[in-house]
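So that the names make sense, note that chain A is the first sequence line, chain B the second, and so on, each numbered from 1.
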Protein chains: 2
Amino acid sequence: MPEIANNIPTASASVLLVDDDVELVTLLRDYLASDGFNVTVAHEGESALRLFAAQAPDIAVVDVMMPGFSGIEVLRRIRSRGSTPVLMLTARGDDESRILGLELGADDYVAKPCTPRELSARLRAILRRTLVRSTTPDSVCIGDLALYSAQRRIAWAGQDVQLTNAEFNLLELLIQNAGQVVSKNLLSEQGLGRPFQRYDRSIDVHLSSIRHKLPLLPDGRPRIQAVLRKGYQLLTD
Amino acid sequence: MPEIANNIPTASASVLLVDDDVELVTLLRDYLASDGFNVTVAHEGESALRLFAAQAPDIAVVDVMMPGFSGIEVLRRIRSRGSTPVLMLTARGDDESRILGLELGADDYVAKPCTPRELSARLRAILRRTLVRSTTPDSVCIGDLALYSAQRRIAWAGQDVQLTNAEFNLLELLIQNAGQVVSKNLLSEQGLGRPFQRYDRSIDVHLSSIRHKLPLLPDGRPRIQAVLRKGYQLLTD
DNA sequence: CCCCGAGTTTACAGGGATTTACAACACCCG
DNA sequence: CGGGTGTTGTAAATCCCTGTAAACTCGGGG
């Protein structure tokens, strides 16, 4: 057994993955996701920058060669609005781009084709040195409801609410977005770890049980509300 | 080290260059020297480490393949005595060494043959970002749990916890990501040194033993929690 | 050659998670 | 209004993941 146990922090860091090769992206996304990363993908520069602005990922992975405006351009623009680390993907042997990228402030590059495993290792290497523990609060309170993520615990008026694993995941998401509608899609992906499919009723079933474990609102309605065709919402008082 | 600004050569940073290929070393040394680096060279591991100890360079460049003890070994020993950044030189396509090296904490990789210009650019890129790198702490504490990575030791309230090798690796990962979910994938790769496969139960078994070696949380739950389909999480109190 | 310890694999139990089924709704039309 | 269609609530059945003890494997001593 090799004792490879150097410190690798950051499970669940978010990654924005930009490449026009759909197949490759899918492969990488799946692997990174299974490795604990939170992955968003884009296939060209335009949407990449929009997603970047919207999601503020912890790190971006950008292909140098893309239709529309190039990876170098994406890099430049990301750089112009902050210090989010960027890893560039280059064609093997394309020394010019690599050097240019590095000089423009890319934090690393990986030659394609690369193994998902290598990409993951490098992302962690970069995050290890750049990520200053992002500000995840110890607790979030919504009225009398308190969420302690690091303890995997949720309490109502100081009393622990007894939740199963999936129930906790889902309620956590609702609390983190309290008052807003959370799509089934998101609930499924973040909470159950798989894409949502049309006839999948798991979420409804779980939310039904959670509903029974939370006290009703003053007006007698349950605290968790289905929003037809849109998702679910945690009501605040 | 002086200068922090982007793209500006780090004047007079010192580099230790280790490679058995005398010709290549000469070429690189001259180029790096003309680029403002202060270069020392060694042709095998033994003298490399001696020079490293004597000169405390700002950065080391080490060939993976060398007679005597290998570059990986040199990397390991440099790592064991501090956090000086290390850039590894590998044969093109030697993915295994690259990944192994990254996991052991190499800061970067360059495939041989490389242009002196590229090497120089990468050295500067590393130096630029390591200027602000936080040094790895001697110990990490999560409540009463203390991790001493360099000593391969974990203690609970001052008492050593008796752990086997694999158990230590896994618990170390959980502590370094305390409060976050760590995927089985990561645990397997970093902790056991092999990719995770679907029906592999080793991790579950190891974590089960660890669980029994740690005291319970105040609320009676075990400190290590499975998160369905995602991985495991060390709960904080 | 046997024993020992660590790691892995196997086996099985129990409890969640998911699926199924059906009733109750909401919404969209004419 | 009143089907028709699609969605949600929930109990019940089924499935599958994790916890854990125990068997197995493999190297190193003695």
Side-chain angles (χ1 to χ4, degrees), chain A residues 1-5 34 152 154 161-174 181-185 187-214 216-217 220-235, chain B residues 152 154 161-174 181-185 187-214 216-217 220-235:
Chain A
M1 234 277 309
E3 33 120 10
I4 303 172
S34 80
R152 248 185 127 61
I154 290 176
V161 181
Q162 238 25 22
L163 295 169
T164 69
N165 226 305
E167 287 165 8
F168 176 88
N169 290 348
L170 294 173
L171 185 49
E172 181 181 36
L173 286 169
L174 289 181
V181 178
V182 184
S183 72
K184 285 195 175 184
N185 223 304
L187 290 169
S188 185
E189 274 177 24
Q190 306 286 318
L192 306 181
R194 60 187 156 149
F196 177 67
Q197 287 175 241
R198 185 134 147 196
Y199 296 111
D200 187 340
R201 306 297 314 285
S202 267
I203 294 184
D204 306 86
V205 174
H206 285 304
L207 288 180
S208 169
S209 348
I210 297 174
R211 206 178 271 135
H212 293 309
K213 293 182 178 181
L214 293 180
L216 297 175
L217 282 171
R221 288 182 303 165
R223 289 194 122 72
I224 290 178
Q225 175 78 38
V227 179
L228 199 71
R229 290 152 170 287
K230 294 231 152 85
Y232 287 88
Q233 177 177 14
L234 179 71
L235 304 179
Chain B
R152 256 187 118 58
I154 290 176
V161 181
Q162 238 23 29
L163 295 169
T164 68
N165 228 304
E167 286 167 7
F168 176 87
N169 290 347
L170 294 173
L171 185 50
E172 180 182 38
L173 286 168
L174 289 180
V181 179
V182 184
S183 72
K184 285 195 178 184
N185 218 305
L187 290 168
S188 185
E189 286 191 5
Q190 305 295 318
L192 306 181
R194 61 188 147 133
F196 176 67
Q197 290 177 242
R198 190 127 107 117
Y199 296 110
D200 188 340
R201 305 296 311 286
S202 267
I203 294 185
D204 306 81
V205 174
H206 284 305
L207 288 179
S208 171
S209 339
I210 297 174
R211 207 178 269 134
H212 292 310
K213 294 181 179 182
L214 294 180
L216 298 175
L217 282 171
R221 290 183 300 167
R223 288 193 124 72
I224 292 178
Q225 171 81 35
V227 180
L228 198 77
R229 242 163 240 165
K230 291 205 147 117
Y232 287 88
Q233 177 176 5
L234 178 71
L235 305 181

Taking all heavy atoms of [X] and all of [Y], pick out the closest pair and write down the distance.
X: A:D204; Y: A:D200; result: OD1-O, 4.0 Å
X: A:S202; Y: A:R194; result: OG-NH2, 3.3 Å
X: B:L217; Y: B:P222; result: CD1-O, 4.1 Å
X: A:E189; Y: A:P195; result: CG-CA, 3.9 Å

Rounding to an integer number of Å, can you tell me how far [X] [atom1] sits from [N] [atom2]?
X: B:I203; N: D:dG19; atom1: CD1; atom2: P; answer: 12 Å
X: A:N165; N: C:dT18; atom1: CG; atom2: C1'; answer: 14 Å
X: B:Q197; N: C:dT10; atom1: CD; atom2: P; answer: 13 Å
X: A:K213; N: D:dT10; atom1: NZ; atom2: P; answer: 14 Å
X: B:I210; N: C:dT8; atom1: CD1; atom2: P; answer: 12 Å
X: A:H212; N: D:dA12; atom1: NE2; atom2: P; answer: 12 Å
X: A:R194; N: C:dG16; atom1: CZ; atom2: C1'; answer: 13 Å
X: B:D200; N: C:dG7; atom1: CG; atom2: P; answer: 14 Å

Q: Let me know, please, whether B:H206 or A:E167 comes out on the 5' side of the other along DNA chain C by nearest nucleotide.
A: B:H206
(Q) Can you confirm whether more than 12 heavy atoms, excluding those of A:K230, are under 6.0 Å from its NZ atom? (A) no
Q. When all nucleic acid strands are considered with a 4.0 Å heavy-atom cut-off, which category describes B:S202: base, sugar-phosphate, or nothing?
A. base
(Q) Does B:L207 reach a base, just sugar-phosphate, or nothing at all? Heavy atoms under 4.0 Å. (A) nothing
Q: Before giving the answer on side-chain contact (heavy atoms from CB on, under 4.5 Å), spell out for B:H212 and B:I224 the whole-Å C-alpha distance, their side-chain angles and the decisive distance to 0.1 Å.
A: CA-CA 10 Å; B:H212 292 310; B:I224 292 178; over 6 Å; no
Quick test: give all pairs of protein nitrogen or oxygen and nucleotides 4-8 of chain D nitrogen or oxygen below 3.5 Å, distance rounded to 0.1 Å.
from  : atom 1 : to     : atom 2 : distance (Å)
D:dT8 : OP1    : A:R229 : N      : 3.1
D:dT8 : OP2    : A:K184 : NZ     : 3.0

**Q.** Phosphate contact (D:dA11 OP1 or OP2) by A:S208 side-chain N/O below 4.0 Å
**A.** no
Q: Output yes when at least one side-chain N/O atom of B:S209 is less than 4.0 Å from OP1 or OP2 of D:dT20, else no.
A: no
